[in-house]
Amino acid sequence: MAEAYFPVGPGLGLEENFLSLDDILMSQEKLPCCAETTLPRLAFALGQGAASGDSIPEGTKLEIPLWLAKGLHDSKRRIISVELPKIYKEAWRTVFSADANVVDLHKMGPYYYGFGSQLLHFDNPENPEIAQSILQTFISRFRRIMDSSQNAYNEDTSALVARLDELERALFQAGQKGLNDFQCWEKGQASQITASSLVQNYGKRKFTDMDG
């Protein structure tokens, strides 16, 4: 029986893939902003007024979806300015640098890596520090995630993934699938070991880049 939906992976870095459900959901995450000019007739649409003709005054604090913030942000016209969510500010970057494994990323933001990468679209002077913090956080947490995925066979893994962001959960599931496939092969329940979908997709992407 054919699958009704074939999962599409999220984009990498600054790139989004709007065939990916993860990227669509990530783009709906709210971003704190400030109106740098009067925004005519947008108050009702942004939940700031009762009538469709109301305007948003200059200086109004807003929380709007990431996709809308990217559309309104223009460094030349200064329509809105974007503020950093607290988890990407210096205080939290210090926590991550001390021990990234203690942070409940899913509670703080289920798309920590993807959302943080999208923040680099905006002209924030802290962008280099944000990018470095995201990378180091991933490196620090990766080994524990994969170790956990390889040492939980036929167990309830809900507690292991509860504190992971969505990218980390996908990595954990990939590790679990590899473990289960190997166990099946070792018991003679599978005829051969096949490359994981992550490896196959990576290979396809490399060939596509070479052709381009």
Side-chain angles (χ1 to χ4, degrees), residues 9-18 20-39 42-43 45-48 56-146 161-172 205:
L12 299 175
L14 293 174
E15 300 300 322
E16 293 173 88
N17 184 346
F18 281 102
S20 165
L21 291 179
D22 282 326
D23 274 359
I24 292 171
L25 293 172
M26 181 267 291
S27 71
Q28 295 290 336
E29 292 285 304
K30 297 293 182 67
L31 191 58
C33 303
C34 179
E36 295 294 326
T37 185
T38 299
L39 303 177
L42 283 180
L46 298 180
Q48 298 289 318
I56 295 178
E58 179 181 343
T60 302
K61 298 290 185 180
L62 304 167
E63 281 202 350
I64 60 179
L66 171 65
W67 64 266
L68 182 57
K70 288 172 65 176
L72 291 175
H73 183 263
D74 186 324
S75 58
K76 295 180 180 178
R77 296 179 61 193
R78 301 290 295 175
I79 298 173
I80 63 167
S81 58
V82 174
E83 301 176 12
L84 283 180
K86 66 177 182 179
I87 195 172
Y88 301 100
K89 291 183 178 179
E90 183 178 4
W92 272 101
R93 296 201 302 267
T94 302
V95 173
F96 283 119
S97 65
D99 187 356
N101 288 293
V102 304
V103 182
D104 185 341
L105 272 192
H106 203 267
K107 180 179 179 181
M108 299 301 296
Y111 298 97
Y112 168 77
Y113 299 106
F115 194 77
S117 297
Q118 291 297 309
L119 291 180
L120 304 180
H121 278 290
F122 307 107
D123 51 352
N124 191 299
E126 297 180 56
N127 277 355
E129 290 79 12
I130 294 171
Q132 183 66 19
S133 178
I134 292 172
L135 176 61
Q136 289 303 317
T137 297
F138 180 80
I139 293 171
S140 298
R141 292 167 63 98
F142 177 78
R143 180 168 184 174
R144 178 175 291 188
I145 292 167
M146 298 313 293
V161 302
R163 297 165 63 85
L164 307 182
D165 104 314
E166 293 299 324
L167 172 62
E168 294 175 336
R169 290 184 176 190
L171 290 171
F172 184 91
R205 179 172 294 174

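Counting from 1, the numbers follow the sequence of the chain as shown. It should be emphasised that the depicted structure is a prediction, and the values quoted were computed from it without experimental measurement.
Applying the salt bridge (Lys or Arg N to Asp or Glu O under 4.0 Å) test to every pair with at least one member in residues 110-121, sequence neighbours left out, gives no pairs at all. Counting only residues at least two apart or in different chains, salt bridge (Lys or Arg N to Asp or Glu O under 4.0 Å) contacts with residues 79-94 comprise K61-E83, R93-E126.
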- request: Could you walk me through whether N127 and F122 pass side-chain contact (heavy atoms from CB on, under 4.5 Å), step by step?
  value: CA-CA 8 Å; N127 277 355; F122 307 107; 5.7 Å; no

- prompt: Would I64 and L72 count as a side-chain contact (heavy atoms from CB on, under 4.5 Å) if you check the C-alpha gap in whole Å, the side-chain angles of each, and the deciding distance to 0.1 Å?
  reply: CA-CA 10 Å; I64 60 179; L72 291 175; 4.2 Å; yes

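With a 4.5 Å cut-off on side-chain heavy atoms, L31 and K70 do not count as touching. Looking at heavy atoms from C-beta onward, T37 lies out of side-chain contact with R78 at the 4.5 angstrom threshold. Counting only heavy atoms from C-beta outward, the side chains of M108 and W92 approach each other to under 4.5 Å. For the pair I24 and W67, the minimum side-chain heavy-atom distance is 4.5 Å or more. For the pair N124 and L84, the minimum side-chain heavy-atom distance is below 4.5 Å.
A distance of 9.5 Å separates SG in C34 from CD1 in I80, rounded to the nearest 0.5 Å. Atoms CG and NZ, on L68 and K30 in that order, are 10.0 Å from each other to the nearest 0.5 Å.
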Result block: side-chain N/O donor-acceptor pairs under 3.5 angstrom for residues 129-139, not counting sequence neighbours:
residue, atom, partner, partner atom, Å
T137, OG1, S133, O, 2.7

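The side chain to side chain contact (heavy atoms under 4.5 Å, CB included) check on R163 picks up D104, with sequence neighbours excluded. For E168, the side chain to side chain contact (heavy atoms under 4.5 Å, CB included) partners at least two apart in sequence or on another chain are L105, Y113, R141, I145, L164, D165. Not counting sequence neighbours, S140 has no partner by the side-chain hydrogen bond (donor to acceptor under 3.5 Å, both in side chains) test.
Nearest approach of H106 to E166, heavy atoms of both residues: NE2-OE2, 3.0 Å. Annotation for V161 and R169: closest pair O-NE, 3.1 Å, computed over non-hydrogen atoms. Between M26 and L66, the shortest heavy-atom contact is SD-CD2, 3.5 Å. For the pair C33 and A69, the tightest heavy-atom approach, listed with the atom from each and the gap, is SG-CB, 4.2 Å. S81 and E36 get closest at one heavy-atom pair: OG-OE2, 2.6 Å. Closest non-hydrogen pair, G116 versus Y88, comes out as N-OH, 3.2 Å.
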